[in-house]
Amino acid sequence: MGRTARLRDDRHGKKSAQPRMESDQRRTIPVSDPRSNGLLAALQEEEWRRWHPQLERVDMPLGAVLYESGGPQSHVYFPTSSIVSLLYVIDDGNSAEIAVVGNEGIVGISLFMGGGSTPSRAIVKSAGTGFRLTARALMNEFDRTGPVMHLLLRYTQALITQMAQTAVCNRHHSLDQQLCRWLLLSLDRLSGNELVVTHELIANMLGVRREGVTGAALNLQKAGLIRYARGRITVLDRSGLEARTCECYAVVKREYDRLLPQ
């Protein structure tokens, strides 16, 4: 844990999941402490003693790819101050976000679910730090069929709910409502009320045109809910966003609150 890993860019501008990474959220525990991640904080003392020496602190810069569609997964990641977007990428290069993972969760569930790989891509959408654990170490814990296995399965159920609700929201609700949901889910995984993100990145996440996101963001700004300037979105009225979004955000939040330790 003394050495920090950092992700590197490849020649084409994409991030390559090379050994190297670092993060904060809505917790008082310092992000340098692995237990600022909710799942790691929920480990019982016996499991924590086994895990702690094996956790490696990593930098997670904006745009870094933790794994590609169908690619190998050598580690799982526990964000602390970063947010990771799970994207489905189609043949023409366009993509849409299917879920977000922050300090509440883990990136790489296909390892312990038995798949070994996934058709989605995991990319850092809000820079920060986190911790990682080798795939072998995680599987050794999961195969003990004890508290760790049950915790990870509950998390997976919550993540599946988020994926399903995202699909429903993208199909049936307005872009304005989708943007509100996206902002609220992101805020739940950050320590403050500001996101460093461009309209283009949001458009890629939601699978819509950039112009549509710009229009929706302007509507929220005119309503006094957010302030957008120089690639930064500051939420001014969270309760206003909650009132404006669809029911999808509340469905997802209730499931996470029900299944995971607070």
Side-chain angles (χ1 to χ4, degrees), residues 1-9 13-43 51-52 54-68 73-87 97-109 120-133 155 158-159 162 182-202 204-205 226 228-235 238 253 256 260 262:
M1 279 186 40
R3 180 171 62 85
T4 297
R6 188 177 300 277
L7 299 177
R8 299 190 304 226
D9 294 347
K14 293 181 180 178
K15 306 294 179 180
S16 174
Q18 302 288 344
R20 315 250 170 201
M21 292 170 79
E22 268 205 52
S23 154
D24 181 4
Q25 248 67 8
R26 198 176 280 198
R27 303 177 188 275
T28 57
I29 302 174
V31 294
S32 57
D33 187 335
R35 287 169 294 189
S36 59
N37 175 279
L39 291 183
L40 295 178
L43 293 175
W51 282 48
H52 190 210
Q54 303 181 77
L55 291 167
E56 181 183 11
R57 189 172 184 236
V58 288
D59 290 313
M60 300 176 75
L62 180 66
V65 175
L66 305 188
Y67 59 75
E68 286 283 5
Q73 297 181 37
S74 60
H75 294 78
V76 292
Y77 297 86
F78 299 89
T80 51
S81 64
S82 55
I83 300 178
V84 178
S85 176
L86 306 184
L87 298 170
E97 185 177 78
I98 56 177
V100 292
V101 180
N103 63 350
E104 86 296 347
I106 179 175
V107 179
I109 65 168
S120 64
R121 168 191 286 172
I123 183 170
V124 178
K125 77 169 187 179
S126 182
T129 59
F131 290 81
R132 71 180 184 181
L133 186 69
Y155 172 75
L159 186 65
Q162 185 189 161
W182 189 87
L183 289 171
L184 288 166
L185 286 174
S186 298
L187 281 183
D188 285 348
R189 290 153 177 82
L190 290 174
S191 58
N193 64 341
E194 184 177 86
L195 291 166
V196 180
V197 64
T198 64
H199 285 182
E200 183 176 5
L201 180 58
I202 297 174
N204 289 336
M205 299 298 177
I226 68 170
Y228 178 77
R230 299 178 182 177
R232 295 177 182 268
I233 295 179
T234 303
V235 174
R238 182 190 172 100
K253 189 174 189 309
Y256 274 85
L260 300 177
Q262 298 303 305

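Side chains included, hydrogens not; waters and symmetry mates left out as well; all remaining heavy atoms used. FYI, the numbering just counts along the sequence from 1.
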Please report the interatomic distance [atom1]([X]) to [atom2]([Y]), rounded to the nearest 0.5 Å.
{"X": "S74", "Y": "Y67", "atom1": "OG", "atom2": "OH", "value": "12.5 Å"}
{"X": "Y77", "Y": "R132", "atom1": "OH", "atom2": "CZ", "value": "5.0 Å"}
{"X": "R35", "Y": "L55", "atom1": "CZ", "atom2": "CG", "value": "10.5 Å"}

Decide yes or no on side-chain contact (heavy atoms from CB on, under 4.5 Å) for T234 and N193, but give the supporting numbers first. CA-CA 6 Å; T234 303; N193 64 341; 3.8 Å; yes
Taking C-beta and beyond as the side chain, do [X] and [Y] meet within less than 4.5 Å on heavy atoms?
{"X": "V101", "Y": "I106", "answer": "no"}
{"X": "L39", "Y": "L260", "answer": "yes"}
{"X": "L133", "Y": "F131", "answer": "no"}
{"X": "V100", "Y": "L86", "answer": "no"}
{"X": "V65", "Y": "V124", "answer": "no"}
{"X": "L66", "Y": "V84", "answer": "yes"}
{"X": "P79", "Y": "N37", "answer": "yes"}
{"X": "L183", "Y": "I226", "answer": "yes"}

Specify the closest pair of heavy atoms between [X] and [Y], including all atoms of both residues, with the distance to one decimal.
{"X": "I83", "Y": "S186", "value": "CD1-O, 3.4 Å"}
{"X": "P34", "Y": "L40", "value": "O-CD1, 3.3 Å"}
{"X": "I98", "Y": "S120", "value": "CD1-CB, 4.0 Å"}
{"X": "Q73", "Y": "G108", "value": "OE1-CA, 3.5 Å"}

Scan side-chain atoms only and decide if K125 and S82 contain a donor-acceptor pair under the 3.5 Å cut-off.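 No.
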Partner set under side-chain hydrogen bond (donor to acceptor under 3.5 Å, both in side chains) for S126, not counting sequence neighbours: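 By the side-chain hydrogen bond (donor to acceptor under 3.5 Å, both in side chains) rule, S126 matches no residue at all.
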With sequence neighbours excluded, tell me which residues meet side-chain hydrogen bond (donor to acceptor under 3.5 Å, both in side chains) with Y256.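 side-chain hydrogen bond (donor to acceptor under 3.5 Å, both in side chains) list for Y256, sorted by chain: Q162.
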Testing L190, L187, L195 one by one against V235 for a side chain to side chain contact (heavy atoms under 4.5 Å, CB included), which residue passes?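 Per the side chain to side chain contact (heavy atoms under 4.5 Å, CB included) rule, the option paired with V235 is L187, out of L190, L187, L195.
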Thinking salt bridges, do R238 and D188 make one under a 4.0 Å N-O criterion?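 Salt bridge: yes.
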Pair Y155-I109, side-chain contact (heavy atoms from CB on, under 4.5 Å): steps then yes or no: CA-CA 9 Å; Y155 172 75; I109 65 168; 4.1 Å; yes
Is there a donor-acceptor pair under 3.5 Å between the side chain of E104 and the backbone N or O of G102?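 Side chain of E104 to backbone of G102: a pair is present.
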